[in-house]
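Here's the structure we're looking at; comments come further down.
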Amino acid sequence: MKTSSIYSLILLLGGMLYSCGGNNKHEVQKKALMPFTIISEGDKLYSIIEEGTQAEILGSGYAWTEGPLWIEEEEMLLFSEIPANKVHFWKEGSAPKVYLHPAGLTSNEKRGGEVGSNGLLLDPNGKLVLCQHGDRRLARMLATLDAPAPDYEDIVSEFKGKPFNSPNDAVFDTKGNLYFTDPPYGLEYRMDDPKKAIDFQGVYKLNKEGDLRLLLDSITRPNGIAFFPDEKRLIIANSDPEKPIWYFYILDENKGLKEGRIFYDASEIAKNEAGLPDGLKIMKDGTVIATGPGGIWFFGPEGILLGRLKFSELVSNVALNKKENFLFVTADSYVLRIPLK
């Protein structure tokens, strides 16, 4: 095991002045950085991330960030701030700004809990889709990406006449079918909430014709969900402290799930590291990048652990740009960017 360690959180802030002839001076602002520890199992991880890399802080001071989504055409990052019921956007050279408000709870209901949006994604037509905790549904923003407005239409909000718990994360396949998870985290009292109408935490498929199907009711806290590039295999994160596990499934011809098995069990590390399996993304070569106990985990396609990035902050989710040379990270009150090779 090769380890490069940085043990304290240091924010490197400052400016640098230099002269460009005559009396003209230009101010160049240094990037704010967050160190992390690279824990590598062998050398494979260093083919993805360079030793000594630090995370650039794009924004801070938020109340629990989630759902990062890179919009390639707009060169823009979106992310949810769940308790504040907002989505923010970031573009190169500027600080994050509010993109949508309200984002998850759109009624006048007054309640606590995680009321905002969580997972964000684009539908096959390039429209923004939000996992809305407060409204307990998946919804589509009717406005265009470059002129956002909190005007939404319902995609799906109930199963067999009962409202969902709080759709958390979702993914479209290339045929336009929508797969999503439904843990209780958006309910004010979670598992004990009197408004909880479904007695399990489901994984669902909404096909492009609008037919809803329950795929799984056996995962105790289904959270992050992602396809491998061939769309024949699927990973689901379980954010249950009693079962901090990533599960692997094969999609059958009818796009159901079969041959479920444990992809990786993080129980031992979870005993000593804060955090649980949460959001994840899968690279074009099948490398799995998943948030979990202690930070960010990297796996080969067959579940072999390549290593981890250990953070001082709880890490909730990740996103990749199209070139896969940047990893965007939501980490508690921060939004980060990590360069990849």
Side-chain angles (χ1 to χ4, degrees), residues 64-67 80 82-83 104 112-121 131-134 136-138 156 158-159 162-171 178-205 214-227 234-249 257 260-282 288-297 299 303 314-318 330-332:
W64 190 247
T65 56
E66 250 284 9
S80 298
I82 300 179
E114 298 182 359
V115 297
S117 61
N118 194 315
L120 306 173
L121 64 161
C131 295
Q132 293 186 319
H133 274 185
R136 302 169 70 175
R137 65 175 182 170
L138 283 113
V156 63
E158 59 183 36
F159 176 66
K162 297 180 179 180
F164 291 125
N165 299 314
S166 53
N168 185 281
D169 202 0
V171 61
L178 178 62
Y179 295 73
F180 63 96
T181 59
D182 186 39
Y185 299 127
L187 298 174
E188 185 170 5
Y189 303 105
R190 300 195 174 188
M191 289 292 290
D192 298 322
D193 197 292
K195 294 181 179 179
K196 190 178 191 301
I198 299 174
D199 61 2
F200 55 83
Q201 289 56 250
V203 179
Y204 299 89
K205 173 192 172 184
L214 175 66
L215 298 178
L216 291 170
D217 61 5
S218 56
I219 299 180
T220 50
R221 299 290 186 279
N223 198 309
I225 183 170
F227 284 110
L234 182 71
I235 291 182
I236 301 169
N238 190 33
S239 53
D240 184 345
E242 301 299 320
K243 295 180 179 180
I245 294 169
W246 290 277
Y247 292 100
F248 172 94
Y249 294 90
L257 301 180
R261 63 174 174 82
I262 291 174
F263 185 76
Y264 197 90
D265 187 339
S267 296
E268 286 304 310
I269 291 180
K271 292 176 182 178
N272 301 305
E273 301 281 359
L276 294 164
D278 202 328
L280 69 150
K281 297 296 183 293
I282 300 179
V288 178
I289 305 177
T291 62
I296 302 173
W297 297 55
F299 302 99
L314 286 173
V315 179
S316 63
N317 211 334
V318 292
T330 47
D332 199 352

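Quick note: numbers below take in every heavy atom, side chains included, and nothing from hydrogens, waters or symmetry partners.
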Could you list the residues that satisfy side chain to side chain donor-acceptor pair (under 3.5 Å) with [X], not counting sequence neighbours?
X    : result
K195 : E109
T181 : none
S218 : none
D193 : none

How close do [X] and [Y] get, counting heavy atoms only, and between which atoms?
X    : Y    : value
E273 : G294 : CB-N, 3.7 Å
P244 : P241 : CD-O, 3.7 Å
I296 : V318 : CD1-CG1, 4.2 Å
N223 : G279 : OD1-N, 4.3 Å

To the closest 0.5 Å, what do you measure between [atom1] ([X]) and [atom2] ([Y])?
X    : Y    : atom1 : atom2 : result
R261 : I245 : CZ    : CD1   : 13.0 Å
F159 : Y204 : CZ    : OH    : 5.5 Å
F200 : I219 : CZ    : CD1   : 12.5 Å
L276 : D240 : CG    : CG    : 8.0 Å
I225 : D169 : CD1   : CG    : 7.5 Å
R137 : Q132 : CZ    : CD    : 4.5 Å

[X] side chain to [Y] backbone, donor-acceptor under 3.5 Å:
X    : Y    : value
H133 : S117 : no
D217 : G202 : no
S166 : R136 : no

Y264: partners by ring-ring contact (aromatic ring centres under 6.0 Å, His included), with sequence neighbours left out: W297, F299

Do [X] and [Y] make a side-chain contact, defined as non-hydrogen atoms from C-beta onward lying under 4.5 Å apart?
X    : Y    : result
N118 : I82  : yes
I236 : V203 : yes
L280 : I235 : yes

Working for side-chain contact (heavy atoms from CB on, under 4.5 Å), residues Q201 and M191: CA-CA 10 Å; Q201 289 56 250; M191 289 292 290; 3.6 Å; yes

Salt bridge E188-K196, side-chain N to carboxylate O under 4.0 Å: no

Between D332 and T65: side-chain donor-acceptor atoms closer than 3.5 Å: no

Residues S316 and T291: side-chain donor-acceptor under 3.5 angstrom: no

Using the side chain to side chain contact (heavy atoms under 4.5 Å, CB included) criterion, which residues pair with [X]? Sequence neighbours excluded.
X    : answer
E158 : none
L121 : V129, A170, F172, L178
P83  : A63, W64
P167 : C131, L138, F164, F180, D182

Residues F248, L234; criterion side-chain contact (heavy atoms from CB on, under 4.5 Å); working and verdict: CA-CA 6 Å; F248 172 94; L234 182 71; over 6 Å; no

Salt bridge (Lys or Arg N to Asp or Glu O under 4.0 Å) involving E66 - partner list, sequence neighbours excluded: none

Listed partners of E242 passing salt bridge (Lys or Arg N to Asp or Glu O under 4.0 Å), at least two apart: none

Chi angles and distances behind the side-chain contact (heavy atoms from CB on, under 4.5 Å) call for I282, I289: CA-CA 6 Å; I282 300 179; I289 305 177; over 6 Å; no

CA sep, side-chain torsions, deciding dist, call: I262, Y247, side-chain contact (heavy atoms from CB on, under 4.5 Å): CA-CA 5 Å; I262 291 174; Y247 292 100; 4.0 Å; yes

